[in-house]
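Here is the structure we will look at.
When reading the values below, keep in mind they use all heavy atoms of this one structure, side chains included, and skip hydrogens, waters and symmetry mates. Convention: sequence-line order gives letters A, B, ...; per-chain numbering from 1.
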Protein chains: 2
Amino acid sequence: MTDRPQRPLTLRDVSEASGVSEMTVSRVLRNRGDVSDATRKKVLEAAATLGYVPNQIAGSLASQRVNLVAVIIPSLGNMVFPEVLTGINQILDETPLQAVVGVTDYLPEKEERVLYEMLSWRPSGVIIAGLEHTDAARAMLTNAGIPVVEIMDTDGRCVDSMVGISHRRAGAEMARAILKQGYQHIGFMGTKMPLDHRARKRFEGFTEHLAKAGVEIEDREFYSGGSALAKGREMTKTMLDRSPDLDFLYYSNDMIGAGGLLYLLDQGIDVPGQVGLAGFNGVELLQGLPRQLATMDACRLEIGRAAAEIIRDHGQEGASVEPHKITLTPKLSLGDTLRRRRV
Amino acid sequence: MTDRPQRPLTLRDVSEASGVSEMTVSRVLRNRGDVSDATRKKVLEAAATLGYVPNQIAGSLASQRVNLVAVIIPSLGNMVFPEVLTGINQILDETPLQAVVGVTDYLPEKEERVLYEMLSWRPSGVIIAGLEHTDAARAMLTNAGIPVVEIMDTDGRCVDSMVGISHRRAGAEMARAILKQGYQHIGFMGTKMPLDHRARKRFEGFTEHLAKAGVEIEDREFYSGGSALAKGREMTKTMLDRSPDLDFLYYSNDMIGAGGLLYLLDQGIDVPGQVGLAGFNGVELLQGLPRQLATMDACRLEIGRAAAEIIRDHGQEGASVEPHKITLTPKLSLGDTLRRRRV
DNA sequence: CTGAAAGCGCTAACAA
DNA sequence: TTGTTAGCGCTTTCAG
């Protein structure tokens, strides 16, 4: 066992230990070019004994290539984003590319900072949630000279490529399904997040579709912070106490929807006969509730995978140079809470 | 608006645009040394107009300093780890340091790969989950010459510093609490994950404590994959059908515990009178269930914060050079499922 | 307060 | 198949 080295090892150390030139050592370690088996063996042995770890900083500077992909998302606390990351990693795991994650907390200025920070590492591509950015951020993305994929949302203009779903349409579809079942008195609950554009668009799509049918939301309630399940419970109680005539509750996410569902069942309210429910996201987490909540899948895994594929294929021969605009279709699942029983 | 540049901008571009030497431009952009307000202004303007983003690769190579902290965790799907990350970010957000996350999927070889990959960026520190690593990984950590903090678990030997809880003790504490309430016929449910050492240690601590009191686990069941809530339901049904005499069910995590709870309530079984329940983690997510599940807090946020603080303070004047060994004490919360009602 | 020179550790390009 | 040379874009150091 050697002592802890003060100075990190360099290629030169391996070169000296193996009696092979730095250049050839470099070739061996990167599996580049032709190297005789004898030399290769010498080098590999020396590197292993010394415990040499290459310096990518120097390597990237010299080669002008960086195997990093910047991934910028609003939050890790919302399971949606880890799932997108999983999709991204599924694709990148089979390439030399490596995702680096930055979190914005839904704050535009923080997004701008994080983006700047990440671009300063000259990544090979950017995957960023949403289409809404500060002007400065948009300018950085435009000028970065690398592929940029905006994900999750396709209602708007993108800088380069985009992969997502139309939240407007998702909201409208849900409205259609609800009306079709004959519900008429609808309440809405969601997060108090002016900066969650996707939730906002769903809401807009939802109300606009209702409006076309001459229906208006009769009550609404917003929350922030705290356990979503508990908040769903509380808000549902508050709302039904205030507006006992409601026959449907639309939640902006499945967690609060689940809280609402548990509350209604506790109260012995007939779901979906007396009150119907729906959420959004298709959180797998929640399978196992007493009733399956109606929801809409946000295609999280697919979005991550498609975005990563765009970055991976960029600049490959045969790949189109055109930006991609991919709109996935969320699947509506009625579950047990959106099928009105015949009276 | 300028066209998309083929070549990324360099300091030299800013230097030429502002008529100031590269060196001084660099100083302005880093807020280092004294620069006259006039020059500073010129530089800042030029940089902003051009949309210059510094190249950290070159900067880090030259300065031999990298503001990256490698964070290596088993998974993002388990909410525990995003929460630890949140704690880490809370601390690092107020420093120039930036966390870079690598995911191992609980696979030792993947951990080794990810570690190698991250060390090749010469980060300023490493935060890594668990104390169990391959020999090669351990060697890399030892030789990296940077602070290393192993987190989550303190039952074992660490390379450098560690911050976590004793899962052995956590398991034992839970056993003690259960016995104290008079439960005697105990079943266990958990994940089928030989590589989740923390779950294993909790289980060992649990059974060892029971053994001291002459009690043995009467049934057990393991799952893998799928929705934890649903699995908790299924396993609970399976187990109670098989071993109807059980009066307590210990779950290795709160999600399956919640599934079990919902199942028991569905069945009209008296919780905690007829059957008591406990989980592990203190998942905030679950507040809002019909009954509050007994659980034990894993101190996720604190662990993240403490680990990040160790990295942050490393090498600061006045900071101790000694490795830190921090064992936090998980809080037991009895909730509504571990208080046996007087018969 | 500002600038010039040297070099961080590696790889592209070329020469042998 | 192997080695040599010249940088990559920045910061350190030292001189003005």
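- The distance between atom CG of L61(B) and atom P of dG9(C), rounded to the nearest whole Å, is 7 Å.
- One can place CZ of R40(A) at 10 Å from P of dT1(D), the figure rounded to the nearest angstrom.
- Residues R27(B) and Y52(B) both approach DNA chain D. Their nearest nucleotides, taken by heavy-atom distance, put Y52(B) toward the 5′ side.
- Backbone-only contact: T39(B) has heavy atoms under 4.0 Å from sugar-phosphate atoms and none from a base.
- Across the protein-nucleic acid pair, K42(A) atom NZ and dG3(D) atom P stand 8 Å apart, rounded to whole Å.
- A donor-acceptor pair under 3.5 Å is formed between the side chain of S18(A) and the backbone N or O of V14(A).
- Between dT2(D), dG3(C), dG9(D), one nucleotide has an atom nearer to the side chain of S36(A) than all others, and that is dT2(D).
- At whole-Å resolution of the value, CZ in R65(A) and P in dG9(D) are 14 Å apart.
- Rounding to whole angstrom units, CH2 of residue W121(A) and C1' of dG9(D) are separated by 13 Å.
- Using a 4.5 Å heavy-atom threshold, the side chains of E150(B) and D160(B) count as separate.
- Rounded to whole Å, atom C1' of dA15(C) lies 13 Å from atom CE of M23(A).
- H197(B) places no side-chain N or O within 3.5 Å of a backbone atom of P194(B) that could act as its donor or acceptor partner.
- Residue contacts shown for N55(A) are limited to sugar-phosphate atoms, with no base heavy atom under 4.0 Å away.
- At the phosphate of dC10(C), neither OP1 nor OP2 sits under 4.0 Å from any side-chain N or O atom of R30(A).
- In this model, the phosphate group of dG9(D) is not approached by any side-chain N or O of Q56(B) to a distance below 4.0 Å at OP1 or OP2.
- R12(A) places its CZ atom 10 Å from the P atom of dC10(C), with the value rounded to the nearest Å.
- At the phosphate of dG9(D), neither OP1 nor OP2 sits under 4.0 Å from any side-chain N or O atom of T10(B).
- Proximity of S21(B) to the phosphate of dG3(C): a side-chain N or O atom is located under 4.0 Å from OP1 or OP2.
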